[in-house]
Amino acid sequence: MKKTVILSLLAAVLCCLSCQKKAPAPEVAKLTAEDTVALQTLESAFIREHHLEVSDNGLRPSLPYEDFYRWIASDPRTLSYPFDSLRAVSALIVQTSPDGRLRYYMCDDSTGEGSMRTCWCVRQLLNADGKVCVWGQPAEQAFVRRIICMEYDGAPAYLVSHFAQESWAYGAEWLEMYRVDADTLAQIPVSESLASFAPIEYDMHEWDSRTNGMTDGGSVFPYDAASQSVYLPLPLDSVRTLAGLPAPEEDEKEDPGLPYRGCYSLTDRYDVYQWDGRQFVSKGQQAGYWLHPSLHDFMMLRQTFVTPDHNVRIDEMADGSFRYASWPKDSAMTAQPEIVVGGGSYDQGTHCYLFGNDGYTYIVADLTDEDFDDEDVALVIKKDGKSVLRQLRVNEDKD
């Protein structure tokens, strides 16, 4: 009798646990050939109806917000439709999560003051019941740069990179995390102490010129999918403090009159946080996972670029000198560098970095100099005073 009761209780517990198991997330239906043709026809009709054609001055018109909203809300197939034709003739921007369940449709609404960009934003979501839900606002200041799929308590979650452009040069980017909650997204408080998730404010053009545009999907928040770690950028003041160096002189500090406080100079050094399924846990201050460990001791990235033969990186060290590192053009920076030369200097007259090593001289143009032209030589290598290599920067590898 006792044995029977115990077995019954055990069966009940197992049944209960089975009931509590989360149902698998619904999959996005794949478009058939017929679906694609039908949606292409609708897209062409939409473009004709609203006369979305590139103007003579090359500007692309915005979309009629309400009509587009009704379109994607009434046809669930649009969740996986690329909208290539519409994006080509309008200012439409589409960001899709890797699992295909979440989409942000954005379009510059041309209401920003000066060079500030604002947009309307519509979100499209495949909810837990397998139904497509659409919601949005007529205008927002923030665009979405990237969506990363994660899990929160075993359920689908999304780490979203938001970006706001305050002027032609300055912007801010921040991260928010969401889970699916019925027919919408609910924000997840990833960590009470994670102040670094607040907007990082920076000079977009300076960072773009120093990285040659080869940033992580346009985002300044790199993400390592293998370890589920997010890299939060450290500004120069923070890096100097961590290195035990004095703060910059007053006239070297960021201009307080800029649109955002600080408008940081980014360094390519980071506070690293790893996701444990419930929150992000600090892993300390590090260099990027994409850089070979032998090069992790720099203070600030000065520039990186590609030539027809070489992948080049210039770093500023804690003692104020510079370091040259290069790889074969098609080699990733995770590999051991082919050449590393330290003790470099900067020539203010020529706006070049200079390095000497065993009879060789490496001359690297300062690509952040506003007078630098893409037709100018970026890298010169001399042997005993004679030029053995002169190469331009290659731009085709930009994201």
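These numbers come from the heavy atoms of this one structure, side chains and all, not from hydrogens, waters or symmetry mates. Being a predicted model, the structure only gives us computed values, none of them experimental.
For the pair Leu39 and Leu31, the minimum side-chain heavy-atom distance is below 4.5 Å. Counting heavy atoms from C-beta on, the side chains of Leu301 and Thr211 come closer than 4.5 Å. A 4.5 Å side-chain heavy-atom check between Val380 and Tyr362 finds every atom pair outside the cut-off. Residues Met300 and Arg210 meet the side-chain proximity criterion, which asks for heavy atoms closer than 4.5 Å. Put simply, the side chain of Thr78 does not reach to within 4.5 Å of the side chain of Val132, judged on heavy atoms. By the 4.5 Å heavy-atom criterion applied to side chains, Val306 and Arg393 are not counted as neighbours. Tyr202 places none of its side-chain heavy atoms less than 4.5 Å from the side chain of Pro233. You'll find the side chain of His50 reaches within 4.5 Å of the side chain of Asp67, heavy atoms only.
Cluster membership for Val364 and Leu392, using ILVMFWY side-chain heavy atoms within less than 4.5 angstrom, is not shared. By the rule that hydrophobic residues join a cluster once side-chain heavy atoms approach within less than 4.5 Å of another member, Ile339 and Leu354 end up as members of separate clusters. Under the 4.5 Å side-chain heavy-atom criterion for Ile, Leu, Val, Met, Phe, Trp and Tyr, Phe46 and Val37 are members of distinct hydrophobic clusters. Both Leu92 and Leu102 sit in one connected hydrophobic cluster of ILVMFWY residues. Membership requires side-chain heavy atoms under 4.5 Å apart, directly or through other members. Transitive grouping of hydrophobic side chains (ILVMFWY, heavy atoms separated by less than 4.5 Å) keeps Tyr223 and Val281 in distinct clusters.
Atom OG1 of Thr96 and atom CG of Leu79 lie 7.5 Å apart (nearest 0.5 Å). Distance OG/Ser44 to CG/Leu42: 9.0 Å, rounded to 0.5 Å. Atom CZ of residue Phe143 and atom SG of residue Cys119 lie 4.0 Å apart, to the nearest 0.5 angstrom. Leu266 CG to Ile200 CD1: the interatomic distance, rounded to the nearest 0.5 Å, is 6.0 Å. Atoms CG and CD1, on Leu379 and Ile314 in that order, are 8.5 Å from each other to the nearest 0.5 Å. Here Leu291 contributes atom CG and His296 contributes atom NE2; the two are 4.5 Å apart, rounded to the nearest 0.5 Å.
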Note to self: I'd like to know whether Phe68 forms a ring pair (Phe, Tyr, Trp, His ring centres under 6.0 Å) with Tyr105, so could you lay out the CA-CA distance, the side-chain angles of the two residues, the decisive distance to 0.1 Å, and finally the verdict.
What the structure shows: CA-CA 10 Å; Phe68 184 77; Tyr105 299 92; 5.2 Å; yes
Next item on the list: Applying ring pair (Phe, Tyr, Trp, His ring centres under 6.0 Å), run through Trp120 and Tyr104 and close with a yes or a no.
Entry: CA-CA 10 Å; Trp120 59 254; Tyr104 284 76; over 10 Å; no
Check: Can you check side chain to side chain contact (heavy atoms under 4.5 Å, CB included) on Tyr231 and Gln286, steps first, answer last?
Finding: CA-CA 9 Å; Tyr231 284 65; Gln286 302 175 24; 4.0 Å; yes
Notebook entry, point to check: Given the rule in the side chain to side chain contact (heavy atoms under 4.5 Å, CB included) test, do Val144 and His162 qualify, once you have shown the distances and angles that lead to the verdict?
Noted result: CA-CA 5 Å; Val144 168; His162 298 271; 3.9 Å; yes
Next item on the list: Start with the C-alpha gap between Leu175 and Leu232, add the side-chain angles, then the distance that decides, and say whether side chain to side chain contact (heavy atoms under 4.5 Å, CB included) holds.
Entry: CA-CA 9 Å; Leu175 297 171; Leu232 309 181; 3.9 Å; yes
Note to self: The test is side chain to side chain contact (heavy atoms under 4.5 Å, CB included); show your working for Val230 and Val272 and say whether it passes.
What the structure shows: CA-CA 6 Å; Val230 63; Val272 181; over 6 Å; no
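A cation-pi arrangement is found for Arg313 relative to Phe298, the charged atom lying closer than 6.0 Å to the ring centre and inside a 45° cone about the ring normal. Because its NZ or CZ atom is both nearer than 6.0 Å to the ring centre of Phe163 and within 45° of the ring axis, Arg145 counts as a cation-pi partner of that residue.
Evaluated for a ring-ring contact (aromatic ring centres under 6.0 Å, His included) with Phe280, the options Tyr273, Phe221, Trp275 yield exactly one hit, Trp275.
Using modelled atom types, no side-chain atom of His310 and backbone atom of Val312 make a donor-acceptor pair closer than 3.5 Å. The main-chain N or O of Tyr158 is never found under 3.5 Å from a side-chain atom of Glu176 such that the two would form a donor-acceptor pair. Between the side chain of Asp35 and the main chain of Thr32, a donor-acceptor pair closer than 3.5 Å is present. Judged by distance alone, with hydrogens and angles left aside, the side-chain atoms of Asp129 form no donor-acceptor pair with the main-chain N or O of Lys131 at under 3.5 Å. Proximity of a side-chain donor or acceptor of Gln124 to a complementary backbone N or O of Arg103 within less than 3.5 Å is not detected. For Ser74 (side chain) and Trp71 (main-chain N/O), a donor-acceptor pair under 3.5 Å exists by modelled atom type. With hydrogens and angles disregarded, no donor-acceptor distance shorter than 3.5 Å links the side chain of Asn311 to the backbone of Met333.
Between Asp309 and Thr307, the side chains place no donor N or O within less than 3.5 Å of an acceptor N or O (distance only, hydrogens not considered). Using a 3.5 Å distance cut-off with no hydrogens or angles, the side chains of Ser161 and Glu173 do pair a donor with an acceptor. Side-chain contact of Gln348 with Tyr346: a donor-acceptor pair under 3.5 Å is absent, judged by distance alone. For the residue pair Thr184/Asp181, the side-chain donor-acceptor check at 3.5 Å is not satisfied.
Between Asp75 and Arg77, at least one side-chain nitrogen of the basic residue sits less than 4.0 Å from a carboxylate oxygen of the acidic one, meeting the salt-bridge criterion. The existence of a salt bridge linking Arg323 and Asp315 is confirmed by a sub-4.0 Å separation between a basic side-chain nitrogen and an acidic carboxylate oxygen. The pair Arg278-Asp153 meets the salt-bridge criterion, since a charged nitrogen lies less than 4.0 angstrom from a carboxylate oxygen.
Among all heavy-atom pairs drawn from Trp207 and Thr267, the shortest one is CZ3-N, 4.5 Å. For Ser209 against Glu206, the heavy-atom pair with the smallest separation is OG-O, 2.8 Å. Across Lys329 and Pro308, no two heavy atoms sit closer than the pair CD-O, 3.2 Å. The minimum heavy-atom distance linking Leu367 with Ala378 is given by the pair CD2-CB, 4.2 Å. Residues Ala182 and Asn127 share a closest heavy-atom pair of O-CB, 3.2 Å. Nearest heavy atoms, Val89 versus Ile47: CG2-CD1, 4.0 Å.
In this structure, the ring of Trp327 has its center no less than 6.0 angstrom from the ring center of Phe305. Separation of the Phe322 and Tyr353 ring centroids falls under the 6.0 Å cut-off. Between Tyr360 and Phe355, the distance separating the two ring centers is not shorter than 6.0 angstrom.
Between Phe83 and Tyr81, the ring planes are perpendicular. Angles over 60° get that label, and only those under 30° would be called parallel.
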